[in-house]
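Numbers restart at 1 for each chain; the letters A, B, ... are given by sequence-line order, proteins then strands.
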There are 4 protein chains.
Amino acid sequence: MKQDQVLATVKNKQLVEKRRNQMIKGAITLFKEKGFHRTTTREIAKESGFSIGTLYEYIRTKEDVLFLVCDSIHGQVRERLESAMSIENPSVSYLISVIKSYFKLMDDMQEEIVIMYQEAKSLKKDSREYVLKKEREMVNMLEHVIITCIPEKVTKKDAELLANNIFIQGQMWGFRRWALQKQFTLDEYIERQTKFILQALAIEDSASNEAY
Amino acid sequence: MKQDQVLATVKNKQLVEKRRNQMIKGAITLFKEKGFHRTTTREIAKESGFSIGTLYEYIRTKEDVLFLVCDSIHGQVRERLESAMSIENPSVSYLISVIKSYFKLMDDMQEEIVIMYQEAKSLKKDSREYVLKKEREMVNMLEHVIITCIPEKVTKKDAELLANNIFIQGQMWGFRRWALQKQFTLDEYIERQTKFILQALAIEDSASNEAY
Amino acid sequence: MKQDQVLATVKNKQLVEKRRNQMIKGAITLFKEKGFHRTTTREIAKESGFSIGTLYEYIRTKEDVLFLVCDSIHGQVRERLESAMSIENPSVSYLISVIKSYFKLMDDMQEEIVIMYQEAKSLKKDSREYVLKKEREMVNMLEHVIITCIPEKVTKKDAELLANNIFIQGQMWGFRRWALQKQFTLDEYIERQTKFILQALAIEDSASNEAY
Amino acid sequence: MKQDQVLATVKNKQLVEKRRNQMIKGAITLFKEKGFHRTTTREIAKESGFSIGTLYEYIRTKEDVLFLVCDSIHGQVRERLESAMSIENPSVSYLISVIKSYFKLMDDMQEEIVIMYQEAKSLKKDSREYVLKKEREMVNMLEHVIITCIPEKVTKKDAELLANNIFIQGQMWGFRRWALQKQFTLDEYIERQTKFILQALAIEDSASNEAY
DNA sequence: TATGAATGAGAATTCATTCAT
DNA sequence: GATGAATGAATTCTCATTCAT
């Protein structure tokens, strides 16, 4: 984990991890409410259950908190995505199930995703690139599934674009919830988006139906 | 235009419009560089070519600048989208041309779109809702084109989802440029996304090819 | 009148007087509401019925407005006090009637008096001294009445102190209205204060009763 | 003490009290010179011996400083008045001594009294009412002494008015010092005012003389 | 004379960060 | 390791005053 990019004064590794988790939890709660810029370090410290002095024993700057938050969110997303992908053999229905898992995951983590979207630009170059790299890895995971599941249906570039499309359609669910969640239930949304994807690839509906 | 939601001390309407345009231009330049929060009102005034005092003759609060910027961007997008849509009879190739225009538009306005995405949440409730309403209208325009061009191919809900997909795919081009613009030229991106869309609707490729 | 201490750009004397009267009227209205410091020159101009530019054709600084206001209030008080004093022969009942007139006057001008009390210290040295001199003149008028009406009852110093007492008892009526005006009607207040004054001078009550 | 109406960020109660006392001292010095509105928070901080940041750890707004100052002055006045009143049996000479103490007190605190008079109106409703209530209590203390010392000489209403008169005659000494302190020494002022009061109540001079 | 747009010094307040205890 | 008081640069916003038209 590249959490170590963020320097702590405290040496005890376990303690650092424990405190940072408190911090991330507290910060996410606050960032959801008021965003990064409108949240003060004092508030983060308080919400995390320790003093402002202690907060600064575990980070160097306020931006570090944002980085830890982004990193943590990515970690969670990745972990869950990996666990959804680890087992099965490549097949259309496996692809469908991965898409479904990903969309459900995005539903669970709506607010975290919104935070990342809106605040990541406040990271400074290095951290931002690190976060983007992580994101790219996730898109690559989707791309990989597409390629392995339906190799004869897509070119590399198709898969790439498709992976990006799926990726942001998942984010869109949370990001544009005020528009989408009025019109669709999550299952409906998943079903329809999946149908579009499969049809775009000229994959028979039957496969889709089976998967459900 | 609901620019009048923002109160000015200065009475001369023409002057207000002129100065606000200077202001919007200056602010966009700065917001592109450093975002809304990191830009100071003094910088905005300077970049706009007048003093801080003058700035505040034309707005009430810093947030007003953001609102004016968002409103202006929406206005531009809408105007160009309308001019791309006004003329022709509904047809598949017309649909294709609208999609193309929209994507090109999003390419032109990449940075403005990014600003809106990342900063609109800093608007307070009223303004935010106003901006969202404008956005919804634009999605509706796309939806309307879809429905009128290929009525027999889509249900209302299909059209709705599709319009949202197209909408964010356009934004994605700017938003995820670091990923996409390495892999695709704009034309390639348009062509491939269009292909996916048409195939998803089981519309013959020929139509697509014709349009190009 | 020493209004000429305040310089105007405009030369036409009549116009200057007219505009200044508008100005004083407007300013008093506003000062009553929010005090001198919380009132802006723009508000004064607006309330007076002309533009900020015009305002500054008739004064040099904001403080000038305050001076004009204080001067005007004093002028009014003095004028009314003089008219209450001009006619009669000295006598106890004349003294009583002057006291009564003065208290009634203070009742009429409560708010103006409060303004003067609270804001005069914002005048700069010169103006403040001028205003204080005017005030002293008014106390002198009361003192003069006392001395001429009851020469055998008071020494010079007694009269002086008494005049001051009466002067501030009149102001107190407006100044401490939240306390006094709950407990006393104006007439009652006048009657009781008069009684105290006369008794302090060992003047028979009969005189007081006659006067009423 | 209702100093707690003013919120501090700092938790240590003793420190809060210490710093606020520094602050009140500094503020009074400055308010005497230039009044509340012309004094900046930075000046207050500097005069108090700490930084502007520290100042704001102990208050929320500039107005809080004014409230603290008024509250403190009232506290001092009350304390001294109470200590002047606590001991003796009711009697005319006791009344005389209380009046004397009060006038001496007003002499000592002239400038503070002037501050309160001129600036209290800048407090917002809640605080202003709180301050007025305190003032009323002080008048009540005087009234109580009057009633207990010379019950057969005054009605309730007489006592009430008298207490108000004494109260403002004390304030007048500082408030109109430019007029009074040229003509009278403090002792002379006290003696003469006392004489007027007693005569107004038809109390023999002998009592007055005894008391001196 | 009248107007009102422009100016910028100045004010209150915030908040990330440090450091002595 | 933990605390929280202290700091002051930075920020938003105001408003008296000027001056070209």
What does the B/S/- profile of nucleotides 16-21 of chain F look like, 5' to 3', with a 4.0 Å heavy-atom cutoff to protein?
BBB---

Under 4.0 Å between a side-chain N/O of [X] and OP1 or OP2 of [N], yes or no?
X: Thr54(C); N: dA2(E); answer: no
X: Tyr58(B); N: dA5(E); answer: no
X: Arg19(B); N: dA5(E); answer: no

Considering every strand and a 4.0 Å limit on heavy-atom distances, what is the contact class for Lys11(A): base, sugar-phosphate, or nothing?
sugar-phosphate

Row check, Tyr117(B) ring normal vs Lys121(A) NZ/CZ: under 6.0 Å, within 45°:
no

Within 45° of the six-membered ring axis of Phe36(A) and under 6.0 Å from that ring's centre, is NZ or CZ of Lys62(A) located there?
yes

Whole-Å distance separating the CD atom of Gln14(D) from the P atom of dG4(F)
16 Å

Length of the line joining Gln22(D):CD and dA5(F):P, which is rounded to integer Å
14 Å

Lys/Arg-Asp/Glu bridge criterion (N-O < 4.0 Å) met for [X], [Y]:
X: Lys32(D); Y: Glu112(D); result: yes
X: Arg19(C); Y: Glu57(C); result: no
X: Lys34(C); Y: Glu43(C); result: yes

Separation of Tyr58(B) OH from Glu17(B) CD (nearest 0.5 Å)
12.5 Å

Close residues, residues 27-35 of chain A, relative to DNA chain F [heavy-atom separation under 4.0 Å]
none

If pairing requires Watson-Crick or G-U wobble contacts with both distances under 3.5 Å, which nucleotide is the partner of dA20(E)?
dT3(F)

With a 4.5 Å limit on heavy-atom distance, are the side chains of Ile44(C) and Met23(C) in contact?
yes

Quick one: does any side-chain atom of Glu129(C) pair with a main-chain N or O of Asp126(C) as donor and acceptor, under 3.5 Å?
no

